[in-house]
A.B. asks: 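Have a look at this one before I ask anything.
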Amino acid sequence: MPQAASEERPLVMGILNVTPDSFSDGGEWFETDRAIRRAHEMIAEGADVVDVGGESTRPGADPVPVDEELERVVPVVAALAGHVRVSVDTTKPAVAEAAVEAGATLINDVSASLWPVAARHRVGWVAMHRQGTPATMQRRPEYGDVVGEVSDMLMDRAGQARAAGVDEVWIDPGIGFGKTAEHNLQLLGALDQLVASGYPVMVGTSRKSFLGVVAPTAEGATTPVGQRLPASVATATWAMEQGVRMVRVHDVSATVQAARLVGRPTTGARR
């Protein structure tokens, strides 16, 4: 099970995209050495977990072959494992297995299907809700009851994981993954319902496109991705105030400041 954090605050997971095509920082940390340097910057800024991903999950992204994803992810995980808790952001069993063997202790799983790997290796697992695949998820997402459907799916997967022997199970409503801006706002407004389930909740809103729509520029245009820090921190702070235990972000320093202000006691990340 997770151990207590050194500070009584929600946890901050820093995003490390070792990819050429992620929506916000694609290519910036694609080289292994640059990715490792960026991770150490996030550690210095207060990141509790560094989430290493080698395949973009942005809308419209193409799948990455297993061998290529392994080549991107494993060296970075191995280099960081002695310095911070490392999470691997993947949907592939082979990549999750290799990352865990390299030192990752948390599997951040947007497919919500890798609990058997987590159970086998006795590591933590994040179940995220997603409607469709990156190639299709934002075409026409539809729900009868987005809060109910997302909650039901997450409870089902979390229950299966617990039954399989995974001690540390997180749930994530998947903001922006097969949801319209209105769906995202409804889910943010109902985070207390997910928190009440008893499973620790993780939320990621950082720099996502819906923020550019609901918080436009002064001229009424969609706010560009590089100017979404205020909205990112605002929604992360809202989530933490609702009892969310971890937020996944690009901008670690600003979010850690917000987390310290929230100051909610939380159980924390195990290295």
Side-chain angles (χ1 to χ4, degrees), residues 13-43 47-128 130 132-137 157 161 164-166 168-170 172 174 177 202 204 206 248-250 269-271:
M13 173 186 279
I15 299 168
L16 188 62
N17 292 317
V18 191
T19 60
D21 59 343
S22 292
F23 81 95
S24 174
D25 54 5
E28 196 167 355
W29 319 118
F30 187 43
E31 295 177 3
T32 298
D33 289 346
R34 294 183 68 183
I36 293 168
R37 284 198 298 271
R38 174 57 187 150
H40 282 286
E41 290 174 359
M42 291 193 289
I43 295 167
D48 302 286
V49 184
V50 173
D51 191 39
V52 181
E55 179 179 62
S56 175
T57 53
R58 62 174 174 78
D62 294 322
V64 173
V66 172
D67 290 348
E68 187 172 344
E69 190 175 344
L70 287 167
E71 185 178 344
R72 295 175 182 180
V73 166
V74 172
V76 178
V77 171
L80 298 178
H83 302 276
V84 69
R85 187 176 194 188
V86 180
S87 169
V88 60
D89 177 3
T90 188
T91 62
K92 297 182 178 70
V95 175
E97 296 263 6
V100 168
E101 290 171 2
T105 61
L106 184 65
I107 299 171
N108 183 18
D109 176 14
V110 304
S111 70
S113 66
L114 297 179
W115 71 86
V117 179
R120 186 159 54 250
H121 290 276
R122 308 293 295 175
V123 297
W125 178 66
V126 182
M128 197 197 79
R130 178 181 70 181
T133 66
T136 65
M137 64 187 183
R157 299 299 174 88
V166 182
E168 182 188 358
V169 178
W170 295 76
D172 180 343
F177 284 80
M202 183 174 85
S206 183
R248 182 178 182 271
V249 303
H250 298 86
R270 174 183 59 196
R271 290 191 181 180

A.B. asks: Which residue pairs pass the ring-ring contact (aromatic ring centres under 6.0 Å, His included) test when at least one of the two sits in residues 98-119, sequence neighbours left out?
C.D. replies: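 Qualifying pairs: W115-W125.
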A.B. asks: Distance from M128 atom CE to S111 atom OG, nearest 0.5 Å?
C.D. replies: 8.5 Å
A.B. asks: Does the distance from a Lys or Arg side-chain N to an Asp or Glu carboxylate O, for R85 and E168, drop under 4.0 Å?
C.D. replies: yes
A.B. asks: Between R38 and E41 (salt bridge meaning N to carboxylate O under 4.0 Å), is one present in this structure?
C.D. replies: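 Counted as a salt bridge, because a side-chain N and a carboxylate O are separated by less than 4.0 Å.
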A.B. asks: Just verifying a value: how many Å separate I36 CD1 and H40 NE2, rounded to the nearest 0.5 Å?
C.D. replies: 7.0 Å
A.B. asks: Which heavy atom in A94 sits nearest to a heavy atom in L70, and how many Å separate them?
C.D. replies: O-CD2, 3.9 Å
A.B. asks: Would you say that V86 contacts V49 through its side chain, given a criterion of any heavy-atom pair below 4.5 Å between the two side chains?
C.D. replies: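 The answer is no; the side chains never approach within 4.5 Å.
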A.B. asks: Would you indicate whether the side-chain heavy atoms of V18 and V52 approach each other to under 4.5 Å?
C.D. replies: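 Side chain of V52 against side chain of V18, heavy atoms only: contact under 4.5 Å found.
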A.B. asks: Cut-off 3.5 Å, side chains only: do E55 and T90 have a donor facing an acceptor?
C.D. replies: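 No, T90 and E55 have no side-chain donor paired with an acceptor closer than 3.5 Å.
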A.B. asks: Looking at every heavy atom in both T91 and R130, which two are closest together, and how far apart are they?
C.D. replies: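 Nearest heavy atoms, T91 then R130: CG2-NH1, 4.5 Å.
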A.B. asks: Among all residues two or more places apart in sequence or in another chain, which pass the side-chain contact (heavy atoms from CB on, under 4.5 Å) test with N108?
C.D. replies: M13, D51, S87, D89, V126, M202, R248
A.B. asks: What I want to check is whether the side chains of T19 and N17 have a donor and an acceptor closer together than 3.5 Å.
C.D. replies: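 No, N17 and T19 have no side-chain donor paired with an acceptor closer than 3.5 Å.
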